[in-house]
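Just follow the structure's listing: the first ligand is 1, and inside any ligand the first atom is 1. For reference, positions follow the sequence shown, starting with 1.
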Amino acid sequence: MSDVWHPLSWKNFPALQQPDWPDPQALDETRRNLSGYPPLVFAGEVRSLKAHLARVAKGEAFLLQGGDCAESFNDFRANAIRDKLKVLLQMAVILTHGISKPVIKVGRIAGQFAKPRSSPMETRNGVSLPSFRGESINDPDFTLEARQPDPGRLERAYFQSASTLNLLRAFTHGGYADLTRLHTWNQDFVANSPQGQRYALLADQLTSSLKFMDAIGVNAKNTPQLRDIEYFTSHEALILEYESALTRQDSITGDWYDCSAHMIWIGERTRQTDGAHVEFLRGVKNPLGVKIGHTATSDEILRLCDLLNPENEPGRLTLIGRFGHNQILRVLPDLLRSVRQEGRQVVWSCDPMHGNTYSAPSGHKTRHLDEIMTELRHFFAILQAEGVWPGGVHFELTGDDVTECVGGSHDIREEHLAERYETTCDPRLNAAQSLDIAFLVAEAMRASQSR
Ligand code: PEP
Ligand code: CO
């Protein structure tokens, strides 16, 4: 790593997964524009999230992170944003009730556009074109023109993020997230599912408690906790030109913050300890995540802790395991022990999506709820056995009634995948499947707390 960090010091290191921008001047112009635009989030909010995550690191709260694999320019609608928020709020209610601890809500939204790819080129019927890298880079259509990286798309992603965040701020502070509206978060197509009904029963129970509290004088008018929620944003910090252009020095502390989101993470493919992504992230004060897959070694993880959290500050670093249901038992216990033996303060979170992706016979990429649940159950059991707090969970989900993952209370099968397969990247849980999973997590947490 370089001795002196600055927002562009990453340029002295190998940066994987960056597009081959065809027009350097256009890229310069975009970078200049983005550097002059207002920040999307503020340093004070970022510090607030870090303080919450410090409580997670100490076992006093739980992190719930989720949203699209990749946001899309086409699916940019108020209802889609609202429905994703609804699902996360419902999941948070189920978890808060189940584990009796605060749930920190972090959306994978308002900036989650760019995707790492396993190959820079895609070949179809003998034709090879640059891979689709997310809509902030190029277009998914399979033509040479569509696949040319275009820096103007980074600006479009910035403006879409600003507008998304504006609506989320309005929803979370304008009465929509008020706990007296618990029932209205249950969407029509979910309400009749077993999980929707289970949620409605819980909402009934909580609504009577709220009525009781209102009778003794505690209500949404006089108690902000019942009215407003704190909701944070996050995405993979993949495209370093974008992230560094949105990095600003805080006038109060003089520290640097990546103001594109509250929390940012490094993906499994770009977490090299001598790479540009680690160099960039080590210099900003945001809470950071690192995805770790089944090939990760204890030495790598400890080195990442040294580089990204040299002061061992709780809340700074979240390790997001994405091992796969058939690898987690083999890999996680040793990693956990090494981190604990070295006294590193981290949040351990489980992404049960990315290690469990497979292709169905129809060619659709999918994930089975049983395997997602198996990885989650193993995660809670392993952490409990090691005496470490299972800090959080990370999902790809949507509020829509899609058919992208199989299994769950609506019993989606592989032959149903084509019906509503709408993701531009990885398969997401639909709203009913997300509730299924939230109830499972609450049960698994309760079981490990009572032991
Ligand atoms: C993702 O979160 O969409 C992703 C690409 O994850 P990972 O880096 O864990 O593969
Ligand atoms: Co994904």
(request) Just give me the atom name: the N, O or S atom of E396 closest to the Co ion (ligand 2). (result)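 In E396, the heteroatom (N, O or S) nearest the Co ion (ligand 2) is OE2.
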
(message) For N/O/S atoms only: which one belongs to D426 and is nearest the Co ion (ligand 2)?
(response)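 This residue's closest N, O or S atom turns out to be OD2.
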
(request) Answer yes or no as to whether an N/O/S atom of C69 is found below 2.8 Å from the Co ion (ligand 2). (result)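 Short answer: yes, at least one N, O or S atom is under the cut-off.
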
[X] heavy atoms, cut-off 4.0 Å: which ligand 1 atoms fall inside?
X: G267; result: 8 (O)
X: C69; result: 3 (O)
X: R269; result: 5 (C), 10 (O)
X: R108; result: 1 (C), 2 (O), 3 (O)

Tell me: protein heavy atom nearest [atom], and distance?
atom: atom 6 (O) of ligand 1; result: K291 NZ, 2.9 Å
atom: atom 5 (C) of ligand 1; result: P116 CG, 3.7 Å
atom: atom 3 (O) of ligand 1; result: K115 NZ, 2.7 Å

(message) Which label fits Y176 and F171: parallel for a plane angle under 30°, tilted from 30 to 60°, or perpendicular past 60°?
(response)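 Taking F171 first and then Y176, their aromatic rings sit tilted (interplane angle of 30° to 60°).
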
(request) Measure up the H262 and F232 rings against each other and bin them: parallel (under 30°), tilted (30 to 60°), perpendicular (over 60°). (result)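 Ring orientation, 0 to 90° scale: perpendicular.
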
(request) Flag this pair as yes if the NZ/CZ of R147 is under 6.0 angstrom from the six-membered ring centre of F142 and inside a 45 degree cone about the axis; otherwise no. (result)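 Relative to the ring axis of F142, which defines the angle, R147 lies outside at least one limit.
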
(request) Look at E243 together with R248 and state whether they make a salt bridge at an N to O cut-off of under 4.0 Å. (result)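 Salt bridge: no.
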
(message) Whether E45 and R169 form a salt bridge (side-chain N of Lys/Arg under 4.0 Å from carboxylate O of Asp/Glu) is what I want to check.
(response)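 Salt bridge present between R169 and E45.
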
(message) Do V87 and M91 make a side-chain contact, defined as non-hydrogen atoms from C-beta onward lying under 4.5 Å apart?
(response)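 The answer is yes; the side chains approach within 4.5 Å.
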
(request) State, yes or no, whether a side-chain contact exists between T318 and L288 at a heavy-atom distance under 4.5 Å. (result)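 Counting from C-beta outward, T318 and L288 never come under 4.5 Å.
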
(message) With a heavy-atom distance limit of 4.0 Å, tell me whether R117 approaches ligand 1 through its side chain, its backbone, both, or neither.
(response)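 Contact part for R117 vs ligand 1: neither.
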
(message) Any atom of ligand 1 sitting under 4.0 Å from a heavy atom of H394?
(response)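 Distance cut 4.0 Å: H394 fails for ligand 1.
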
(message) Looking at ligand 1, is there an atom of it that comes within less than 4.0 Å of some heavy atom belonging to E396?
(response)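 Contact check E396 vs ligand 1: positive.
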
(request) Give yes or no for whether the N/O distance cutoff of 3.5 Å, strictly under, is met between Q112 and ligand 1. (result)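 No, since none of the N or O atoms of Q112 sits under 3.5 Å from an N or O of ligand 1.
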
(message) Could you go through S362 and H364, starting from their C-alpha distance and side-chain angles, then the distance that decides it, and tell me whether this counts as side chain to side chain donor-acceptor pair (under 3.5 Å)?
(response) CA-CA 6 Å; S362 58; H364 293 96; 2.7 Å; yes

(message) Going by side-chain contact (heavy atoms from CB on, under 4.5 Å), S244 matches just one of V284, I239, L8, L34. Which one?
(response)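 Only one of V284, I239, L8, L34 forms a side-chain contact (heavy atoms from CB on, under 4.5 Å) with S244, namely L8.
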
(request) Test R108 against every option in Q65, H394, E71 by the side-chain hydrogen bond (donor to acceptor under 3.5 Å, both in side chains) rule and name the one that passes. (result)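 The passing option is H394.
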
(request) Can you figure out which of H354, R322, E268 has its heavy atom closest to atom 9 (O) of ligand 1? (result)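 Result: the heavy atom closest to atom 9 (O) of ligand 1 is in R322.
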
